[in-house]
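Here is how names work: the chains are called A, B, and so on, in the same order as the sequence lines, proteins then strands, and each is numbered from 1.
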Number of protein chains: 2
Amino acid sequence: MVTTRNTRDDVVQAAGRLFAERGYHGTSMRDLGSELGLLGSSLYAHVSSKQDLLVDVVEEGARLFEASAQNALAVEGTPGDRFRALISGHVDVVIDNIDVARTFLNEARMLDHEHRSRVVAARDAYEGAFRTVIAQGVSEGYFREDIDPKTSSIFVLSVLNALERWYRPDGPLDRDALVDELSMFAASALS
Amino acid sequence: MVTTRNTRDDVVQAAGRLFAERGYHGTSMRDLGSELGLLGSSLYAHVSSKQDLLVDVVEEGARLFEASAQNALAVEGTPGDRFRALISGHVDVVIDNIDVARTFLNEARMLDHEHRSRVVAARDAYEGAFRTVIAQGVSEGYFREDIDPKTSSIFVLSVLNALERWYRPDGPLDRDALVDELSMFAASALS
DNA sequence: CCGTAACAAACGAACGTTCGTTTGTCTATG
DNA sequence: CATAGACAAACGAACGTTCGTTTGTTACGG
């Protein structure tokens, strides 16, 4: 008989899964316990509060997106290369961490003011990376001159963030096809 | 002193506002009562359950989007004209009924199976309208030949649905500017 | 190598609070 | 005067969390 014991990371991961599926307020500590074969009360051996779990999941999401943006901004080559790196990195973050990404995108507003403003700042910085690269693309002639980097970055991020809503691992588009389709769509929109 | 009494529509409208802001599970009947200057229990003079309120709001959303799609499909002229009508109608629905739209887009999954599958069907039909018009555009030479109407409709709807997340009535883009920017972006992406 | 102390993980009961909802009563309006 | 709207009290269930305790594993001194 294999009695696997749970670690804190198991709890955080399961929390991400349930928060993504049912929402933060739609998930009870007893729900979360059941998911791990535990009582709700047993979770407090690993975490200090339910809010704490949300903080952990959302901050991991913020870290993942931030790292992806930093990586893309450092890509040498044309603005088009960096633009594609932003898209490729975003796709990787979402499909490799779908629960974290969904919780980050949908449940961050349930955080208290302090933590939420940290997340808002992270999101603004992430959008700033897109704006920067798009502005580079405009000034270097890769994109149309009449596009507004601010508005365009919102539109492009809209398409990327929606991935969380419809992507299925067993769907017809694998990672590479997804990046191709998204890059083509977004690049065409700006060219 | 004007003590306006509340009607059922007042309750549904306030429910839409709170569901949009805090989510269905993040809104209590006492919260909703406070919003109207009532006790939570007083709401039961108007509705039979909290779930009922969600059904009302979400179904109104479904009706609004469906009507908009029907209207756009009936537009005479080029596929480009119908495509712009789809976008224009979507923008109108969202900015004129922001709370209903947000609840429809984000809280429909909290419905029980029966009602949710009705909403999923409505959403599929709405996406179908986009797919149809895009396919017309491809076969009549308005859009690129190598685009997939199914994938493209998802991408275009991603941009439109995200409007709910960042649109502010006092923002720099008014309705017409919004329709212009979105139509330009989407049409460029497909051309 | 054995025995024991320390520890982390989980239990199960209970806490106070909030939840959605029901009930019976009052009040104002048409 | 009938009725719809609101009140206020109360219901049982569920909530997040705490508590004292038990269990299984790990580390170490003799």
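Stacking of A/R123 on the aromatic ring of A/F104 is recorded, both the 6.0 Å distance cut-off and the 45° axial limit being met.
Of the residues in residues 15-26 of chain B, not one places a heavy atom less than 4.0 Å from an atom of DNA chain C. Contacts between residues 27-43 of chain A and DNA chain C, defined by a heavy-atom separation under 4.0 Å, are made by A/R30, A/G37, A/L38, A/L39, A/S41, A/S42.
No side-chain N or O of A/Q13 forms a donor-acceptor pair with one of A/D99 less than 3.5 Å apart. Inspection of the A/S188 and B/R144 side chains reveals an N or O donor paired with an N or O acceptor under 3.5 Å.
Taking the six-membered ring where the residue is Trp, A/F185 and B/F155 present perpendicular rings, their angle passing 60° and hence far from 30°. Aromatic ring pairs are classed by plane angle as parallel below 30°, tilted from 30° to 60° and perpendicular above 60°; the pair A/F65 and A/H90 is tilted.
Listed for the A/R131 side chain is no donor-acceptor partner under 3.5 Å among the backbone atoms of A/S153.
Between A/M110 atom CE and A/K50 atom NZ the span is 10.0 Å, to the nearest 0.5 Å.
One can place OH of A/Y44 at 14 Å from C1' of C/dA14, the figure rounded to the nearest angstrom. Across the protein-nucleic acid pair, B/L53 atom CG and C/dG20 atom P stand 11 Å apart, rounded to whole Å.
Put simply, B/H46 has no side-chain N or O that comes within less than 4.0 Å of OP1 or OP2 on D/dA4.
Heavy-atom contacts from other residues, nucleotides or ligands closer than 6.0 Å to CD of B/E107 number more than 12.
Taking each heavy atom of A/Y44 and A/S49 in turn, the nearest pair found is CE2-CA, 4.1 Å.
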Close N/O contacts between protein and nucleotides 25-30 of chain C (under 3.5 Å):
none

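Taking the six-membered ring wherever Trp is involved, the centroid distance between the rings of A/F130 and A/F83 does not fall below 6.0 Å.
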